Novice: 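Here it is, the structure, as structure tokens.
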Amino acid sequence: QVHLEESGGGLVEVGGSLRLSCVGSGNKFTDSAVGWFRQAPGREREFVGVINWNGISTYYSDSAKGRFTISRDTAKNTVYLQMNDLKPEDTAVYYCAVRTVTANQVIDDKYGYWGQGTQVTVTT
């Protein structure tokens, strides 16, 4: 079984930064890719980025590329999402998830374990 818990969300001004954390438990977490998704009110859940099991490879959505960075600390069982130059359109609930199907990593149904989410609100 895998348990995921996100933290680090909050209120931030346009142009500011936040670092989200995703602490996981279980071998599935340490042996799997971990993705970040977000969901804004009235919108579908959206892929943000993913990091492979050993932290060497990452992949980002176009909206995240150049502003967001995913990293992982295997000793702490934690995956991070560093978000810089935040914009109002980044406002959403952010989720981390463990990928359980090795294909189409941008699609949320390839991820079998999810955290409860953390709210990020970017104000003008």
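The shown structure was predicted, so the numbers you read here are calculated from the model rather than taken from an experiment.
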Novice: What I'd like to find out is whether the side chain of V14 reaches to under 4.5 Å of the side chain of P88, using heavy atoms alone.
Specialist: yes
Novice: Please report the closest heavy-atom contact between L4 and Q116, naming both atoms and the distance.
Specialist: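 Closest heavy-atom pair between L4 and Q116: O-OE1, 3.7 Å.
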Novice: My understanding is that only residues two or more places apart in sequence, or in another chain, count here; which of them pass side chain to side chain donor-acceptor pair (under 3.5 Å) with S17?
Specialist: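 Applying side chain to side chain donor-acceptor pair (under 3.5 Å) to S17 gives N84.
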Novice: Which residues pass the salt bridge (Lys or Arg N to Asp or Glu O under 4.0 Å) test with R67, sequence neighbours left out?
Specialist: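 If we apply the salt bridge (Lys or Arg N to Asp or Glu O under 4.0 Å) test to R67, skipping adjacent residues, the hits are D90.
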Novice: So with a 6.0 Å cut-off around NZ of K76, is the heavy-atom count from everything else above 12?
Specialist: no
Novice: What about F68 and I51, same hydrophobic cluster or not, with Ile/Leu/Val/Met/Phe/Trp/Tyr joined at side-chain heavy-atom distances under 4.5 Å?
Specialist: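 Same cluster: F68 reaches I51 through Ile, Leu, Val, Met, Phe, Trp or Tyr contacts under 4.5 Å.
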Novice: Does the T91 side chain pair with the main chain of V122, one donor and one acceptor, at a distance under 3.5 Å?
Specialist: yes
Novice: Considering all heavy atoms of both residues, which atom of V2 and which atom of V98 are nearest to each other, and what is their separation?
Specialist: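 The answer is CG1-CG2, 4.0 Å.
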Novice: Are any of the side-chain heavy atoms of E46 and S63 separated by less than 4.5 Å?
Specialist: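 The answer is yes, as the side chains (C-beta and beyond) meet within the 4.5 Å cut-off.
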Novice: Please answer: with hydrophobic residues joined when any side-chain heavy atoms are less than 4.5 Å apart, are V48 and V34 in the same cluster?
Specialist: yes
Novice: Might you point out which heavy atoms bring N52 and N54 nearest each other, and give the distance in Å?
Specialist: ND2-OD1, 2.7 Å
Novice: Are W114 and I107 linked, directly or through other ILVMFWY residues, by side chains that come within less than 4.5 angstrom of each other?
Specialist: yes
Novice: Do you know the tightest heavy-atom contact between F47 and V106?
Specialist: CB-O, 3.3 Å
Novice: Kindly compute the distance separating CG (L20) from CH2 (W36), expressed to the nearest 0.5 Å.
Specialist: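 Here the interatomic distance stands at 5.0 Å.
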Novice: Between Y95 and Y111, is the gap from one ring center to the other below 6.0 Å?
Specialist: no
Novice: What's the separation between atom CD1 in I70 and atom OG in S57, rounded to the nearest 0.5 Å?
Specialist: 10.5 Å
Novice: Could you report the tightest heavy-atom contact between R72 and S32, atom names first, then the distance?
Specialist: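 That closest heavy-atom pairing would be NH1-O, 2.9 Å.
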Novice: Rounded to the nearest 0.5 Å, what separates atom CZ in R38 from atom CZ in R45?
Specialist: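 R38 atom CZ to R45 atom CZ measures 14.0 Å (nearest 0.5 Å).
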Novice: So do the side chains of L81 and E6 get within less than 4.5 Å of each other, counting heavy atoms only?
Specialist: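 Not in contact.
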Novice: Does CD belonging to E89 count more than 12 external heavy atoms closer than 6.0 Å?
Specialist: yes
Novice: Can you tell if the side chain of F29 reaches within under 4.5 Å of the side chain of C22, non-hydrogen atoms only?
Specialist: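 A side-chain contact exists here, since the closest heavy-atom pair is under 4.5 Å.
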Novice: If you take all heavy atoms of L18 and G8, which pair is closest and at what distance?
Specialist: CD2-O, 3.8 Å
Novice: Does T74 reach the side chain of W53, with side-chain heavy atoms less than 4.5 Å apart?
Specialist: no
Novice: If you measure from OG1 on T118 to CD on E5, what distance do you get to the nearest 0.5 Å?
Specialist: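 Output value for this atom pair is 9.5 Å.
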